[in-house]
Amino acid sequence: MDSGVMNGWAVSPGLHQNHNNFLPAIKSMPISAVKQNSVLQTLVNKSEEPEKEPESEDLLRAEQEWDALENIQTELYCKKTGLIGVLPGQTPLISFNEALQYFQTADLSEYMKKIQPTVRRSGFSAVSHLLFGPPRLHRDLHAERDLVLTIAQCPLDNGQQVHVRILQTIYKKLTGARFDCPLFGSHWEQLGFQGLDPGTDLRAAGLLGLMHLLHMVMDPKILPLAHDIFRLSQHHRQNFPFCLMSLNITRICIQVLREERVSRECNRRQQVFAVLNDLYVAVYFHLYHVWKTQNKTISDSGYVLKEVEVLAKKKPKELFRQLDVHLKERPLPKDLPLEIWTHHPAEQRIENHDGSHAQAGGICFTGVCEQQVQEDRLI
């Protein structure tokens, strides 16, 4: 299979056959990150090169030496970060329950001090919430709620094996890669993070943002929906940063929980984490449906997120119903290779709201950060 360039990404031709190579199934082309605002990423356009003459023995030998050098560098990095014995390509997938058990037994007292379980109200707002607001969360569920909010305060630690396994599992399940990817690099930008280090994007959602993504990709009923959303995020005109949008949805779920908008459902099911996971998927599904059917673009992201947040607070039960209907109507697909990396023209003409057109050399991720509605701060 010839190597190709797809939407700024290069697919390595012999990677699936070479198990000694630590790179993932998809190699990244360099990305020029232009951060005029909070997020602005422009993918470097590259036209397909003409077929070359068969490679010489010297060239093949040089490539083998380069691969060996990459393996040495990776081993040194693993020793530096304390991940000895967990070289890329060897990290096992982690289930949501296994990751949750880690947090249940870990010492999180440092982060638990920072949480605010409920929104503080005073005056008429407090009286109105008491008389007409949603029911209070049952006392026996407070510990689980506090754990959820504590995980949202935890930063990503690349020296912690469970943290790395969560990140690698998300990458593999979304891209279909069989090998681990480096902990830093432009491949995270392709998944929709702002930069080379995904940990820098977790400030507003913490590891809860990764736990929500882990739940989505590890549940076989929800994984096809995750793939659908991810494919739409790569669309040449309707693209958006998949992981960054996910973190914004996690932030919405945290606020809904703190305002006790899902306390009734939590009390009914006697669960907090499971209800919040379902709310996250339901909100992302609703955003995906609106984005796709109404032809939204990145410039609409702030307004769409605000509308979704209002709906999540006022009608979470309706969001649960919509998701349930979708999952029941869609049969589980057979295990087929994920084909999300599709080629698009190097330059696209994007039509603005005023009817004008602009050249887009790549994916523009400005909307999520630029749009600020009222006092809500988007990631």
same_hphob_cluster(V262, L311) at 4.5 Å side-chain heavy-atom cutoff: yes
Shortest non-hydrogen pair, A205 vs I254, comes out as CA-CD1, 4.3 Å
What one should report as the nearest heavy-atom pair of F103 and H163 is CE2-NE2, 4.3 Å
d(I166 CD1, L210 CG) to nearest 0.5 Å is 6.5 Å
Taking the side chain from R261 and the backbone from A312, do they hold a donor-acceptor pair closer than 3.5 Å? no
Flag, side chain of E260 to backbone of P135, donor-acceptor distance under 3.5 Å: no
If you group Ile, Leu, Val, Met, Phe, Trp and Tyr by side-chain heavy-atom gaps below 4.5 Å, do Y102 and L156 land in one group? yes
Beyond-backbone contact of R136 with S263, side-chain heavy atoms, under 4.5 angstrom: no
Heavy-atom distance under 4.5 Å between the side chains of V275 and F320, does that happen here? yes
Has the side chain of Q271 got a donor or acceptor atom that lies under 3.5 Å from a matching backbone atom of F273? no
Apply the test side chain to side chain contact (heavy atoms under 4.5 Å, CB included) to residues K114 and Y111: give CA-CA distance (whole Å), side-chain angles for both, the deciding distance (0.1 Å), then the verdict. CA-CA 6 Å; K114 303 178 182 180; Y111 306 108; 4.3 Å; yes
Side chain to side chain contact (heavy atoms under 4.5 Å, CB included) between H235 and K292, intermediate numbers included: CA-CA 10 Å; H235 192 269; K292 184 176 182 179; over 6 Å; no
Less than 4.5 Å apart, any side-chain heavy atom of M216 and any of K173? no
Under 3.5 Å, is there a donor-acceptor pair between the side chain of S186 and the main chain of E189? no
Over all atoms of both residues, closest heavy-atom pair of G209 and T250: CA-OG1, 3.7 Å
Decide, yes or no, whether a salt bridge links D324 with R321 under the criterion of side-chain N to carboxylate O below 4.0 Å. no
Do you know which two heavy atoms are closest between C253 and H212, and how far apart they sit? CB-CE1, 4.3 Å
Verify whether the ring centers belonging to F242 and Y284 lie closer than 6.0 Å. yes
Give a yes or no on this: more than 12 heavy atoms of other residues, nucleotides or ligands lie within 6.0 Å of atom NE2 of H289. no
Has the side chain of W188 got a donor or acceptor atom that lies under 3.5 Å from a matching backbone atom of P182? yes
Candidate pair F240 and L232, rule side chain to side chain contact (heavy atoms under 4.5 Å, CB included), full reasoning: CA-CA 8 Å; F240 59 87; L232 181 62; 4.1 Å; yes
Set out, in order, the CA-CA distance, both residues' side-chain angles and the distance that settles side chain to side chain contact (heavy atoms under 4.5 Å, CB included) for E98 and R165, then state yes or no. CA-CA 11 Å; E98 184 182 352; R165 288 179 63 194; 2.9 Å; yes
Between D201 and F193, is there a donor-acceptor pair closer than 3.5 Å when you use the side chain of the first and the backbone of the second? no
Inter-residue atom distance L167.CG - T91.OG1, 0.5 Å rounding: 10.5 Å
Do L208 and I115 land in one hydrophobic cluster if side-chain heavy atoms of ILVMFWY residues count as linked below 4.5 Å? yes
Connected via hydrophobic side-chain network under 4.5 Å: L244 and V290: no
Do L196 and L247 share a hydrophobic cluster (ILVMFWY, side-chain heavy atoms under 4.5 Å, transitive)? no
Decide yes or no for L191 and T175: does some side-chain heavy atom of the first lie under 4.5 Å from some side-chain heavy atom of the second? yes
Short side-chain to backbone donor-acceptor contact, H215 and F96, under 3.5 Å: no
Are any non-hydrogen side-chain atoms of Q194 and P241 less than 4.5 angstrom apart? no
Close side-chain approach of L323 to L319, heavy-atom, < 4.5 Å: no
What one should report as the nearest heavy-atom pair of T169 and I94 is OG1-N, 3.1 Å
Are F285 and L327 close enough that some pair of their side-chain heavy atoms sits under 4.5 Å apart? no
Is the side chain of Q153 donor-acceptor paired with the backbone N or O of M112 at a distance under 3.5 Å, no angle test? no
Got a donor-acceptor contact below 3.5 angstrom from the Q294 side chain to the W291 backbone? no
Do you know the tightest heavy-atom contact between L207 and P155? CD1-O, 3.6 Å
Kindly say whether T297 contributes a backbone atom to a donor-acceptor pair with the side chain of N295 at under 3.5 angstrom? no
Indicate yes or no: at least one non-hydrogen side-chain atom of Q104 is less than 4.5 angstrom from one of L100. yes
